Every structure is written in C-alpha cells, then in structure tokens.
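As a basis for the values below, the full set of heavy atoms in this structure was taken, side chains included, without hydrogen atoms, waters or symmetry mates. Model, not experiment: these values are computed from the prediction. Proteins come first, then strands; the chains are lettered A, B, ... in the order of their sequence lines, and each starts at number 1.
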There are 2 protein chains.
Amino acid sequence: MSDELPALPWDRSRRRAVPARIPLSAERIVDAAYTVLDREGFEKLSMRQVAAELGVAVSALYTHVSSKDELFELMYIRLFKDWDLPDPDPAHWRRQVADFARGGLARLRKHRDLARISMIGVPFSPEVLPQMEQLVTLFRVAGLPDRVAGAAGDILSTFIDGYAFEENMWENRRRESAEISWPEMRASLQQFFADLPSDRFPNLVALADHMLPSSEDERFELAVEIIIRGLASFAEEAAEEAGGRSGGSADPGTAGGRGEPDRPGDG
Amino acid sequence: MSDELPALPWDRSRRRAVPARIPLSAERIVDAAYTVLDREGFEKLSMRQVAAELGVAVSALYTHVSSKDELFELMYIRLFKDWDLPDPDPAHWRRQVADFARGGLARLRKHRDLARISMIGVPFSPEVLPQMEQLVTLFRVAGLPDRVAGAAGDILSTFIDGYAFEENMWENRRRESAEISWPEMRASLQQFFADLPSDRFPNLVALADHMLPSSEDERFELAVEIIIRGLASFAEEAAEEAGGRSGGSADPGTAGGRGEPDRPGDG
DNA sequence: CTTTTCAAAGAACACTGTTCACCACGCGAG
DNA sequence: CTCGCGTGGTGAACAGTGTTCTTTGAAAAG
C-alpha cells in the first residue's frame, strides 16, 4: 500500500515521519464501525463505541466524518466496492439477473444488520453507477422495453433490500429470544399455522407446510424467479410487437426469455 | 361501548365514577403516538413526546405499554384494523392482487414514516391472519402451486414494505433539503443521468428519461404487474401439467391468468 | 371512617449525537 | 536552534433518549 522505507536511526529528517499511531481517517473509522456493527448490532452502534474501538475520543471522529449519517453513507458505499458484474449476455440474461440478485443478497449478509444501513443510503451515489449501467444494459439486451428496463433494477434492488431487512429482523428476534435455532423456529411456526381454527382459516391450515420457507434461500430464489418471469413476459410482448410491426428486424434470439437454455429448474 | 348512566348529583357512590380526565390507556397512547409521528416524524418520536402530547409524565406510559418496541407493535397492529379484502374471484384474481397491493401501499402512506414501523412489526400477529387467509385463498384459486401460493403473500408484502420504505426515505430527504418539489427533483435527477459521460455509461444516458418514474405510482404499478405476470406464469405451468396428467379434471377457467378479462393495460 | 390498592409523578441512571474551548505536538520560517 | 502556527485529538458540556425506582395522591373496599 505505502512505499515507505524503514527509518534509519540517524536520519533525523525521517524520524517519526511515520508516527507511532496510525493517523485517524474516514477509512479507519468505517473499518471500526463495521467491527462494532458485527459485534454489537445496529442498535448499539454508536459514535462512542466506534471511538472506543479506535482508542480515541468521540469528538475526534467529527474531524473526519461530519455526522453519524455520513458515517452510514460511507459504510453504504463500501457495499459496492469490488463488485464486478459479468458482461451482459443475451443468451443467459435470466441466469445473470438471478446471479445479480444472489450477489446483492450475499453482500448484505456479509455484516450483521447491514440491510438496515443499506436502506438508508442514497441510491444514486457515484459508486453505484457502474453496477447500474451493467444492470440496465443487461435488461436492454434481454429485450425489455425502455420503461421496464429503466425501472427493473430499482424494483429488483428494492425487493432485495426489503428481503434482507426482514431476514435481519428475524435473525435479531431469534438472537434475543432464547436463541432457538431456525429449524426449531420454523417447526413451531408451522405448527402454529396447522393449529389455527380450520373453519376460519381453512387455507392457512391447508398450506401450513408451505407458509414458511423450507430452506434459508428457497423463498428468495422463488421471488427472484417470479420477478424474472414477469420481466420475461414483457420481453416476449416487446418481441411480438416488434415482430408484427417490422417483420422481425430484431434478432429473435435476443428477445424473449422463455425456453432459453438457462431457464432454471426448481431450487 | 359502556352502558354507564348519567350520574345524579346526590348519588355519592357514582360521583366522579367517570373522572374528569379520560383515563390513560394503550389505545390513547397509540393515538398520541400517531399524532406525534405525523407532526415530527419517526426520528423524533420519543416516549417523552408522546407523554407531552397526552399531558402526562413519561413514566405513566409504562404502566400501559411495557416498552417503546411494544408501542411500535401496537402501532403496527393498527395497520390491519378494518382492512377487508374482497372474496377471491378466480376470474379477476389479477386485479384483486393488484388491488391488495395498492391498498397496502395506501395504508402505509396514511401516516408519515409509517413504513419504518411496518418493517419492524412481527408479521404473524393474530390481527393479520384474516388478510393472510384471504390472500392465500386468492392465490390458490388463481391456480398457483402450493409452494408458490404459500410464499406469494410474503413476497408481495416484502416488496410493498420495501417500496414504501424507500418512498419514505425520499420524502424525508426532500423535506430536509430545501423542500424542492418532486417534479423539480425528478427533472434534476433525470438531467444527472443525461449528463453522465456517455462512453462509460451509454445505457444510463440512453435511458435517462426512463430511470425515474414519471408519476408517483407508475413504478409501483409496473412492479406489481411484473410480479403478477411472474405468478401467472406459475399458474399456467401448473395448469398445463395438470391438464397433461389428468386430462383436465381441474376447471380450466380457474387456473392460468393470461388472456383473462381483467388483464390491465398500461397505466 | 380507615385501609388498601394502584395509577400517575418525579427524580434518577446510563446512555445517545453533537459542539466547543483547550492544548499538545510536528512543521516551516526565521 | 528557537519560535509561532495550525492541524487534529481531548475532555467537558448540552440537550436529548429509554427505562426504572421511589414517592404520592386519590379512588375503591372494608
């Protein structure tokens, strides 16, 4: 990172040029904030905790970070560092969209309560533009009409954030109440549905087995598949319309996802 | 509510049986909390503010409400009071699902920052079960396979909450920064996309007109339509499978939404 | 009437984000 | 080498927060 040479004892000009304590910086503050977040959770993430983590006075933070909100903003931006999306491929746009969604969720899961911070961040920060561009490109080559291609990324991201947020909620609830495992919790909730009065809630009782996701990711995968199929329907529609109007000037292999080789099976 | 008779002046046993000040109750605390929420917003909604609204000491609240979290829970439950869903109609399930989504969003919009509180609430409270039952029923009569019908309500609600939450975020940002109107903000953001370097962000520039929703509800309507089409695709799939296997024992008018009379146009 | 009971009050505790006067220390100027 | 100077860390303070505990007052019960 730094090309600093070790200081020779007799070289007075270099003596303590690199001070014993690494200087404070926004970068280091964000690092510490993430450490506190993972250890204590969002609710107990305070400026004082971050300062303590760095062995520094609270007020020292404010020379590098103007407020707690700005600290959140900086933490949010980290989410998009080193996030490279593959080049859009019309033949596999469905899988690529699904992979984007999975990648986004995986990033939000990397730190405790990170989804809370993600939903606070302003979504047009310069750092997110490359991903946005890639995603919009992907939706265009998939054959979506402009107004859908422009909105799809936002819609998908909104869902991902919302999903991660609720996942967080459950995790925190589990953490503070008796620490029972997810399978146990799932079983008891399933029982709750099965035990409902079947005259008033016949369908909840009938579907008790399906009201809770069976694995950690099943529900997310299903949701993403639903959204992708919905998008595909718009692509088909656009392809039909273009085909009917101009006699198929668009490459038919480009638009419309149904029946493409990457159509995933269940799970 | 109460069958209290008017107090006669000479009846000492009834004197002040109904005290001059209406007694405190969880109900009244929730009322006051909503008043404070609308006036001050979520960030400044504190137990002290609520107590002040009621002209009462802070500690008095804690005899009716065990914590601020429980107050949030009670506020959350209010969301579902008097929310009647129409009886599921297989012929119009698409419109009914869309109406459910619109109704949910409308409820979240009824109070400032309400989405923040909605995302905190535990989703299996007894108060929400009737709506859940109606929704699951609707998805079943639409012909969705069980595992999709069981998840669809949760997925849709997650999206609605996430959408309302982000809408809140924007509204608050607008409120605190110069109060510029939404059309103005939209125009400047649109310009932001149009002015991006077109060598690095060709598609964002090309779709600058479509990156922001043109009206308040356009993006939400589109998202709901995408989800409904995705669900419909599962219904079709199930109908085909059932048709191929058992020779069409299921009522063909029940399953599969494509081409039904309520398929909405754009808008 | 007295006694019991229980909701409301008030003060206190341990926190929070943020600001401000102070001060030490490394740097360049002289 | 010495002298200001300014950057950046310090500690105290302010105005809040959620929550708890003890005290009080007034209504209900006996």
Side-chain angles (χ1 to χ4, degrees), chain A residues 4 7 11-33 36-37 39-75 113 116-117 120 172 176, chain B residues 2 4 7 11-30 32-33 36-37 39-75 113 116-117 120 172 176:
Chain A
E4 203 67 51
D11 184 353
R12 305 192 63 233
S13 78
R14 279 179 175 273
R15 201 164 52 99
R16 306 205 58 183
V18 176
R21 291 192 240 326
I22 356 170
L24 216 47
S25 69
E27 206 72 10
R28 286 191 61 218
I29 293 176
V30 172
D31 287 341
V36 174
L37 184 67
R39 179 163 20 91
E40 312 275 359
F42 180 81
E43 305 268 306
K44 322 215 83 160
L45 170 58
S46 68
M47 299 301 270
R48 283 173 160 85
Q49 288 283 334
V50 174
E53 182 68 28
L54 291 163
V56 124
V58 214
S59 50
L61 304 179
Y62 284 85
T63 61
H64 303 271
V65 149
S66 69
S67 70
K68 197 182 183 186
D69 276 340
E70 184 178 311
L71 175 56
F72 285 155
E73 202 71 36
L74 294 174
M75 295 177 78
D113 289 342
R116 276 259 232 320
I117 287 166
I120 293 173
N172 285 336
E176 73 198 16
Chain B
S2 156
E4 203 70 47
D11 184 351
R12 305 192 62 234
S13 78
R14 278 179 177 274
R15 200 164 54 99
R16 306 205 58 183
V18 176
R21 290 193 241 326
I22 355 170
L24 215 48
S25 69
E27 206 73 9
R28 285 190 62 219
I29 293 176
V30 173
V36 174
L37 185 67
R39 178 163 23 90
E40 312 275 359
F42 181 81
E43 306 268 307
K44 322 216 83 161
L45 170 57
S46 68
M47 299 301 270
R48 283 171 160 87
Q49 288 283 334
V50 174
E53 182 68 29
L54 291 163
V56 124
V58 215
S59 51
L61 304 179
Y62 284 85
T63 61
H64 303 271
V65 149
S66 70
S67 70
K68 195 182 184 185
D69 276 340
E70 185 179 310
L71 175 55
F72 285 155
E73 202 71 36
L74 293 175
M75 295 177 79
D113 289 340
R116 276 258 234 320
I117 287 166
I120 293 173
N172 285 336
E176 73 197 15

Where is the tightest heavy-atom contact between [X] and [Y], given as atom of each residue plus distance?
X       : Y        : value
A:Ala32 : A:Glu53  : CB-CG, 3.8 Å
A:Met47 : A:Leu61  : O-CD1, 3.3 Å
B:Ile29 : B:Val50  : O-CG1, 3.9 Å
A:Phe72 : A:Ile117 : O-CG2, 3.8 Å

Can you tell me which nucleotide in [options] comes closest to the side chain of [X]?
X       : options                : result
B:Ser59 : C:dA12, C:dA8, C:dA9   : C:dA9
B:Thr63 : C:dA7, C:dA9, C:dT16   : C:dA7
A:Ala57 : C:dT16, D:dT19, D:dG11 : D:dG11
B:Arg48 : C:dA8, C:dG17, D:dG18  : D:dG18

[X] [atom1] - [N] [atom2] separation (whole Å):
X       : N      : atom1 : atom2 : value
A:Tyr62 : D:dG8  : OH    : P     : 18 Å
A:Lys44 : C:dT16 : NZ    : C1'   : 12 Å
A:His64 : D:dT7  : NE2   : P     : 13 Å
B:Met47 : C:dT16 : CE    : C1'   : 17 Å
B:Glu70 : D:dG18 : CD    : C1'   : 14 Å
A:Leu54 : D:dG9  : CG    : P     : 10 Å
A:Gln49 : C:dT18 : CD    : P     : 16 Å
A:Glu43 : C:dA14 : CD    : P     : 21 Å

**OP:** Using a 4.0 Å heavy-atom cut-off across all strands, classify A:Ala60 as base, sugar-phosphate, or nothing.
**Re:** base
Original post:
How is A:Val58 classified with respect to the nucleic acid when contacts are heavy atoms under 4.0 Å: base, sugar-phosphate, or nothing?
Top reply: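 Contact class for A:Val58: base.
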Original post:
Tell me, do B:Leu45 and B:Arg116 make a side-chain contact under 4.5 Å, heavy atoms counted?
Top reply: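 The answer is no; the side chains never approach within 4.5 Å.
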